[in-house]
K.L.:
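Pasting in a structure now, in C-alpha cells, and then I'll have a few things to ask.
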Amino acid sequence: MKGTLSEKILKAHLAEGRLEPGAEIGIRIDQTLTQDATGTMAFLQFEAMGIPKVRAELSVSYVDHNSLQMGFENADDHRYLQGAAAKYGAYYSRAGNGICHQVHLERFGAPGRTLLGSDSHTPTGGGLGMFAMGAGGIDVAVAMGGGPYFLTVPKVVRVILKGSLPQWVTAKDVILHLLSILTTKGNVGTVIEYSGDGLSQLTVPQRATMTNMGAELGVTTSLFPSDEQTKKFLTAQKRAKDFKPLTADANAEYSRTIEIDLAKLEPMAACPHSPDNVKPVSALKGMAVDQVCIGSCTNSSYLDLMRVAAMLKGKRVPQSVSLVLVPGSRQVELMLAENGALKTFVEAGARLVEPTCSFCIGMGQSPVSGGVSLRTGNRNFEGRSGTTDAQVYLVSPETAAASALTGTFTDPRSLGKKVKLPAELPKAFLIDDSMIISPKDAPRNAVIKRGPNIGEPPKNTPLPDALKGTVVIKVGDKITTDHIMPAGERLKYRSNIGKYSQFVFERLDPDFHKKCQAEASAGKAVFVVAGESYGQGSSREHAAMCPMFLGVKAVLARSIERIHAANLINFGILPLAFKDPKDYEALEAGAELELPDLLQALEKGEVKVRDLSRNREFTVKAVFSKRQAAILRAGGLLNHTVAAKETANVR
Ligand code: MIC
Ligand code: SF4
C-alpha cells in the first residue's frame with residue numbers, strides 16, 4: 001500500500017499499531033455519522049458507557065430511515081435522538097432534511113478526513129477523498145467519545161478508469177460492471193482506489209455513486225483522489241475552505257490493478273436477488289415493468305434527478321407503471337422546486353416522497369405481488385422491498401426513467417440524441433441548513449425524553465470456558481443482515497430489543513426465537529451454522545445484538561463479512577471459521593455441540609468442536625487480536641469499555 005491514498009490518510013490518523021498488511025490498527029476518527037435506525041442504540045450505548053460529551057471533531061445524528069411514523073415508536077426515537085444530540089454535542093439533521101450519505105457529502109464531508117458511520121454506505125464519502133467506513137453503532141459510539149476505531153490494514157486494489165463514458169452510460173453502470181468482476185464475495189479487508197484519465201469527467205456525486213456501492217463489494221472502503229472536480233463540488237457547496245488536493249504517488253504499490261475502458265461500457269442492471277447478478281440492460285429489453293423507484297443514497301443527487309426531469313419533460317408514464325421519486329436531500333428537493341423540475345415530475349404522473357431512504361429499506365412503496373420493480377438503489381436482496389416474491393432490478397436513473405416511460409425494460413441508448421441531458425454541476429447549490437440543528441443552537445440543559453418503546457441496551461455475560469448447546473439453524477451462502485434482522489415494517493422496534501428479537505431469521509425460520517428460548521431455559525447455548533459471506537449488507541448491529549439477546553453464543557461459518565464479524569465480537573458472540581468445507585456440510589440443524597477450553601483457545605487461534613450427535617470432532621479457526629479476545633472474554637464491547645473506565649477511575 002506504499003504511496004496509496006489509503007496509506008497517506010491512515011498514516012496521518014494512526015493511533016495504535018503499525019501500518020503493516022494484515023495487522024490490526026487503531027485510527028483516530030475525525031467525523032461520525034449515525035442514522036435513526038442504528039443511532040438510537042448507538043446513543044443509548046454512548047450513554048451506558050458514561051461518556052459526558054462528544055469528543056470527535058464533528059458528529060451528526062441523521063433521521064432518514066424511519067420517517068413513516070406509523071404509531072408512536074419512530075416519533076419517540078426522533079425525539080430521543082434530538083435530545084441526545086443537544087445534550088452530548090452532536091449536530092441533528094431533522095426528519096425531512098435528507099438521507100445521511102447525501103447530506104453528509106453536501107454539507108460536512110472533506111478530503112483527507114476519516115469518517116465512521118453506523119451505516120454500511122458511509123463509504124459514500126470516499127467520493128470526496130475521505131477514508132469513510134461503516135461500523136456497528138457501538139463502534140461509532142466509542143469514536144464519538146474520542147476512542148480509536150480498529151481495523152485490519154487493508155490491501156489496496158487500484159481500478160484504472162480509461163477514456164470517457166458513452167452517452168447514456170453512467171457511474172452506476174461502471175460500479176455494476178465492477179460488481180460483475182469482483183462480486184459481493186471475497187473482498188473483505190480490501191480498499192478500492194480509483195485512478196486514470198477517466199476520473200476527470202466524473203463529478204463528485206457520480207464518484208459517490210461508485211463509492212456507495214463499494215459496500216456491495218464488501219470492501220472496507222473506496223476512495224477517489226481529491227482534485228479539480230472535488231474543488232468544484234465543495235466550492236458550489238460554499239465550502240471551498242474544506243478542499244485540499246490529495247493524490248496517490250505515481251509509484252504507489254497496489255495488490256491488484258483492474259483496468260476499465262469506459263468507452264466500452266453499456267447500461268447495466270443487477271438482477272434479482274443480488275447486486276452482483278449483473279446483465280446488460282439490452283439483454284432484458286421488453287420485459288414488462290410494474291414499478292420504477294428513483295432515489296436512495298446511491299442515485300438521488302441534483303444532477304441525477306435533473307437528468308430524469310429532462311427525460312420526463314412533457315411526457316406521461318403509462319397507467320401500468322407506478323413511478324416513485326425520492327430526492328436525496330432537502331437541498332436537492334428545494335432546487336428542483338425552484339427550477340420547476342418537481343412540476344415536471346408531477347405532470348409526468350410520478351409520486352413524490354420526502355427525502356428519506358423510503359423504498360430502499362422497504363419503508364413504503366412495496367411492489368405488487370410478483371412485480372418487476374426497477375430501482376436506482378444499491379440492494380435488491382430477496383424480500384427487502386417488503387414484497388417477498390417481487391423481482392427487483394438495480395439500474396441507473398437514466399435506465400429507470402426510460403423504462404418508466406415505455407412500461408418495459410428499456411435501454412436508454414435507444415433514445416439517441418433526442419433528449420439533451422444536463423451534465424454539469426451547478427455553479428452554486430442552494431444552501432439552507434435550517435433543518436440541521438447545530439450543537440451551538442441546541443437548548444442548554446436539554447432533557448432527553450424516552451418513549452415507552454426505548455429500552456436499555458442489552459448486555460451479555462462474560463464468556464465461559466466451555467459452551468454446550470444446539471445448532472438451532474443452518475443457513476447457506478450470502479446470508480445478508482436483512483435475512484438475520486429484517487427492516488421494513490419491523491424497523492420501528494430498533495430501540496426495543498425484546499420485541500425486535502422475535503423477528504431474528506423471521507423469513508428463514510419464523511420459530512427461531514421460540515427455539516432459542518427453549519434452549520436458554522434448558523441452560524444451553526445456541527449455535528448458528530452458515531456458509532460463505534455470512535452477514536453481507538447492512539451494518540446493523542442488531543443482527544448481532546438480537547441473536548445475543550436470544551442466547552446465540554457462536555456463529556460457525558465458512559466466511560463472515562467484515563462489519564458483521566466485528567459486530568459479533570462487540571456483542572460477545574464467537575465468530576468461528578470452518579477450516580474444512582466438509583465440516584460445514586456434515587453439521588445439521590439440531591446437532592448438539594460442545595466447545596471446550598475456550599479461554600485458552602482464544603490465545604491459540606483455534607477452537608475444538610465436539611459434535612456430540614455424530615460423535616466426531618474437528619477444529620475451527622478463531623483468530624483474534626488481543627483486543628478482540630479481551631472483548632470476547634468480557635462478553636462484549638459495552639462490558640469491556642465500562643470495565644476499562646472503572647479500572648481507570650480506581651487508579
Ligand atoms: C441498509 O441499507 O441496509 C441500511 C438500512 O441503511 C443499513 C443500516 C440499518 O440497518 O439501519 C446499512 O446499510 O447499514
Ligand atoms: Fe438508506 Fe437505502 Fe442508503 Fe441504506 S442503502 S442508507 S436504506 S438509502
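Residue numbers start at 1 and run along the sequence shown.
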K.L.:
Run the side chain to side chain contact (heavy atoms under 4.5 Å, CB included) check on Thr40 and Leu81 step by step: do they pass?
P.N.:
CA-CA 6 Å; Thr40 317; Leu81 287 169; 3.9 Å; yes
K.L.:
Minimum heavy-atom separation for Cys516 and Val472, please, with both atom names.
P.N.:
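Distance-wise, the nearest heavy atoms are SG-CG1, 4.4 Å.
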K.L.:
Is any side-chain heavy atom of Leu632 closer than 4.5 Å to one of Phe624?
P.N.:
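Answer yes - side chains close enough.
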K.L.:
Can a donor-acceptor pair be found between the side chains of His13 and Asp30 at a distance below 3.5 Å?
P.N.:
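Looking only at side-chain atoms, Asp30 and His13 do form a donor-acceptor pair, the distance falling under 3.5 Å.
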K.L.:
Please test Arg351 against Gln365 for side chain to side chain contact (heavy atoms under 4.5 Å, CB included), starting from the C-alpha separation and ending with a verdict.
P.N.:
CA-CA 10 Å; Arg351 302 166 61 189; Gln365 311 301 339; 3.6 Å; yes
K.L.:
Let me confirm one number: the CD1-OG distance from Ile99 to Ser300, rounded to the nearest 0.5 Å.
P.N.:
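Answer rounded to 0.5 Å: 4.5 Å.
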K.L.:
Any donor-acceptor pair under 3.5 Å linking the side-chain atoms of Ser358 with those of Thr356?
P.N.:
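Looking only at side-chain atoms, Ser358 and Thr356 do not form any donor-acceptor pair under 3.5 Å.
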K.L.:
For the pair His564 (side chain) and Gly535 (backbone), establish whether a donor and an acceptor sit closer than 3.5 Å, ignoring hydrogens and angles.
P.N.:
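Looks like no, no N/O pair under 3.5 Å.
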K.L.:
If we ignore angles and hydrogens, is there a donor and acceptor under 3.5 Å between the side chains of Asn453 and Asp76?
P.N.:
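No, no side-chain donor-acceptor pair sits under 3.5 Å.
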K.L.:
So how far is it from Glu541 CD to Ile563 CD1, rounded to the nearest 0.5 Å?
P.N.:
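With rounding to 0.5 Å, CD (Glu541) is 11.5 Å from CD1 (Ile563).
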K.L.:
For the side chain of Ser61 and the backbone of Tyr92, is there at least one donor-acceptor N/O pair under 3.5 Å apart?
P.N.:
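No; judged by distance alone, with no hydrogens or angles, the pair does not exist.
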K.L.:
Taking atom CD of Gln517 as the centre, report whether more than 12 heavy atoms of other residues, nucleotides or ligands fall under 6.0 Å from it.
P.N.:
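Count over threshold, so yes.
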K.L.:
For residues 124-143, dump all side-chain donor-acceptor pairs below 3.5 Å to protein atoms at least two apart in sequence or in another chain.
P.N.:
{"from": "Thr124", "atom 1": "OG1", "to": "His121", "atom 2": "O", "distance (Å)": "2.4"}
{"from": "Thr124", "atom 1": "OG1", "to": "Asn212", "atom 2": "ND2", "distance (Å)": "3.2"}
{"from": "Asp139", "atom 1": "OD1", "to": "Asn570", "atom 2": "ND2", "distance (Å)": "3.3"}
{"from": "Asp139", "atom 1": "OD2", "to": "Asn570", "atom 2": "ND2", "distance (Å)": "3.0"}

K.L.:
Both conditions, 6.0 Å and 45 degrees, for the charged tip of Lys53 above the ring of Tyr88: are they met here?
P.N.:
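The answer is no; the distance or angle limit is not met.
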K.L.:
Are Glu24 and Thr152 linked by a side-chain donor-acceptor pair shorter than 3.5 Å?
P.N.:
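No, no side-chain donor-acceptor pair sits under 3.5 Å.
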K.L.:
Any side-chain donor-acceptor pair under 3.5 Å between Gln237 and Gln331?
P.N.:
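Short answer, yes.
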K.L.:
Judged by atom type as modelled, is there a donor-acceptor pair below 3.5 Å linking the side chain of Ser226 to the main-chain atoms of Lys244?
P.N.:
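The answer is yes, because a donor-acceptor pair under 3.5 Å joins these two groups.
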K.L.:
Looking only at the side chains, is there a donor atom on one of Tyr500 and Arg490 sitting less than 3.5 Å from an acceptor on the other?
P.N.:
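Looking only at side-chain atoms, Arg490 and Tyr500 do not form any donor-acceptor pair under 3.5 Å.
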K.L.:
Indicate yes or no for a side-chain donor-acceptor contact from Ser538 to the backbone of Arg540 under 3.5 Å, with no hydrogens or angles considered.
P.N.:
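Side chain of Ser538 to backbone of Arg540, a donor-acceptor pair under 3.5 Å: yes, one is there.
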K.L.:
Would you check if Val326 and Val324 make a side-chain contact, meaning some heavy-atom pair closer than 4.5 Å?
P.N.:
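Val326 reaches Val324 side chain to side chain.
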K.L.:
Is the number of heavy atoms from other residues, nucleotides or ligands under 6.0 Å of Arg94 CZ greater than 12?
P.N.:
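Result for CZ/Arg94: open.
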K.L.:
Please check if any side-chain donor atom of Glu354 sits under 3.5 Å from a side-chain acceptor atom of Ser67, or the reverse.
P.N.:
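Note: Glu354 and Ser67 side chains meet the donor-acceptor criterion.
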K.L.:
Answer yes or no: is there a side-chain heavy-atom contact under 4.5 Å between Gln536 and Thr481?
P.N.:
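A side-chain contact is absent here, since even the closest heavy-atom pair is not under 4.5 Å.
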K.L.:
Is the backbone N or O of Met70 less than 3.5 Å from a side-chain atom of Lys492, with the two atoms forming a donor-acceptor pair by type?
P.N.:
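Yes, the answer is positive, given that a donor and an acceptor are paired below the 3.5 Å cut-off.
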K.L.:
Would the distance check show the side chain of Gln35 and the main-chain N or O of Thr38 forming a donor-acceptor pair, the cut-off being under 3.5 Å?
P.N.:
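The answer is yes, because a donor-acceptor pair under 3.5 Å joins these two groups.
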K.L.:
Taking Arg379 for the side chain and Gly537 for the main chain, is one N or O donor matched with an acceptor at less than 3.5 Å?
P.N.:
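Yes, the answer is positive, given that a donor and an acceptor are paired below the 3.5 Å cut-off.
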K.L.:
Does Leu508 form a side chain to side chain contact (heavy atoms under 4.5 Å, CB included) with Ile479? I'd like the steps, not just the answer.
P.N.:
CA-CA 10 Å; Leu508 300 174; Ile479 291 297; 4.2 Å; yes
K.L.:
Would you check if there is a donor-acceptor pair between the side chains of Ser120 and Ser539 at a distance under 3.5 Å?
P.N.:
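No.
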K.L.:
Tell me, with the steps shown, if Ile29 and Ile27 meet side chain to side chain contact (heavy atoms under 4.5 Å, CB included).
P.N.:
CA-CA 6 Å; Ile29 296 297; Ile27 60 164; 4.1 Å; yes
K.L.:
Counting only N and O atoms by type, is there a donor-acceptor contact under 3.5 Å from the side chain of Arg28 to the main-chain atoms of Ala12?
P.N.:
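Here the side-chain-to-backbone pair exists.
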K.L.:
Assess whether side-chain hydrogen bond (donor to acceptor under 3.5 Å, both in side chains) is satisfied between Glu561 and Ser533, documenting all intermediate values.
P.N.:
CA-CA 6 Å; Glu561 291 297 300; Ser533 272; 2.9 Å; yes
K.L.:
Is it the case that the side chains of Lys87 and Asn445 hold a donor-acceptor pair, with the cut-off being a distance below 3.5 Å and no angle test?
P.N.:
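No.
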K.L.:
Under 6.0 Å between ring centres: does that hold for Tyr62 and Tyr91?
P.N.:
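No, too far apart.
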K.L.:
Which heavy-atom pair separates Tyr149 from Arg562 by the least distance, and what is that distance?
P.N.:
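Nearest heavy atoms, Tyr149 then Arg562: OH-NH1, 3.1 Å.
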K.L.:
Using a 4.5 Å cut-off on heavy atoms from C-beta on, say whether the side chain of Val60 contacts that of Thr32.
P.N.:
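Not in contact.
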K.L.:
Any donor-acceptor pair under 3.5 Å linking the side-chain atoms of Ser59 with those of Gln31?
P.N.:
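No, Ser59 and Gln31 have no side-chain donor paired with an acceptor closer than 3.5 Å.
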K.L.:
Once rounded to the nearest 0.5 Å, what's the spacing between atom OG1 of Thr211 and atom CG of Leu105?
P.N.:
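That separation rounds to 7.5 Å.
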K.L.:
So do the side chains of Pro547 and Ile573 get within less than 4.5 Å of each other, counting heavy atoms only?
P.N.:
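SC-SC contact between Pro547 and Ile573 confirmed.
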K.L.:
With heavy-atom distances below 4.5 Å as the criterion, would you say the side chains of Leu638 and Thr641 are in contact?
P.N.:
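No, their side chains stay 4.5 Å or more apart.
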K.L.:
Atom CZ in Arg107, atom CD in Gln102: separation rounded to 0.5 Å?
P.N.:
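Arg107 CZ to Gln102 CD: 11.5 Å, rounded to 0.5 Å.
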K.L.:
Can Phe505 and His483 be said to form a ring pair (Phe, Tyr, Trp, His ring centres under 6.0 Å), step by step?
P.N.:
CA-CA 6 Å; Phe505 287 123; His483 289 106; 8.7 Å; no
K.L.:
Find out whether Asn378 and Pro275 are in side-chain contact, i.e. whether some heavy atom of one side chain is under 4.5 Å from a heavy atom of the other.
P.N.:
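Answer no - side chains too far apart.
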K.L.:
Decide, yes or no, whether a salt bridge links Glu47 with Arg450 under the criterion of side-chain N to carboxylate O below 4.0 Å.
P.N.:
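The answer is yes: the pair qualifies as a salt bridge.
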K.L.:
Leu305 versus Pro327: any side-chain heavy-atom pair under 4.5 Å?
P.N.:
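A side-chain contact exists here, since the closest heavy-atom pair is under 4.5 Å.
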K.L.:
Considering only NZ, NE, NH1 and NH2 on the basic side and carboxylate oxygens on the acidic side, decide whether Glu57 and Arg113 come within less than 4.0 Å.
P.N.:
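Counted as a salt bridge, because a side-chain N and a carboxylate O are separated by less than 4.0 Å.
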K.L.:
With the threshold set at 4.0 Å, does a side-chain nitrogen-carboxylate oxygen contact exist between Asp432 and Arg330?
P.N.:
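Salt bridge: yes.
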K.L.:
For a quick test of reading the model, state the closest non-hydrogen atom pair linking Leu430 to Leu334 and the distance between them.
P.N.:
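Between these two residues, the closest heavy atoms are CD2-CD1, 3.9 Å.
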K.L.:
Do you know which two heavy atoms are closest between Ala629 and Leu602, and how far apart they sit?
P.N.:
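The pair with the smallest heavy-atom distance is O-CD1, 3.9 Å.
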K.L.:
Keeping the roles fixed (side chain from Asn66, backbone from Ala37), state whether a donor-acceptor pair exists under 3.5 Å.
P.N.:
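No; judged by distance alone, with no hydrogens or angles, the pair does not exist.
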K.L.:
State the CG-OG1 distance between Asn299 and Thr209, to the nearest 0.5 angstrom.
P.N.:
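Output value for this atom pair is 4.5 Å.
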K.L.:
Would you say the side-chain atoms of Ser521 pair up with the backbone N or O of Ala518, donor to acceptor, closer than 3.5 Å?
P.N.:
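The answer is yes, because a donor-acceptor pair under 3.5 Å joins these two groups.
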K.L.:
Do the two ring centres, one from Phe233 and one from Phe429, sit under 6.0 Å apart?
P.N.:
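Distance test on ring centres: under 6.0 Å, yes.
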K.L.:
Can you name the closest pair of heavy atoms from Pro355 and Gly96 and give their distance?
P.N.:
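In this case the closest contact between Pro355 and Gly96 is CG-O, 3.6 Å.
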K.L.:
Are Phe43 and Tyr80 an aromatic pair by the rule of ring centers under 6.0 Å?
P.N.:
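Ring-ring flag for Phe43/Tyr80: false, centres at least 6.0 Å apart.
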K.L.:
Between CD1 of Ile631 and CG of Asn460, what distance do you get to the nearest 0.5 Å?
P.N.:
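Reported to 0.5 Å precision, the distance equals 13.0 Å.
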K.L.:
In terms of side-chain heavy atoms, does Gln69 have a donor or acceptor partner in Asn74 at a distance below 3.5 Å?
P.N.:
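No, no side-chain donor-acceptor pair sits under 3.5 Å.
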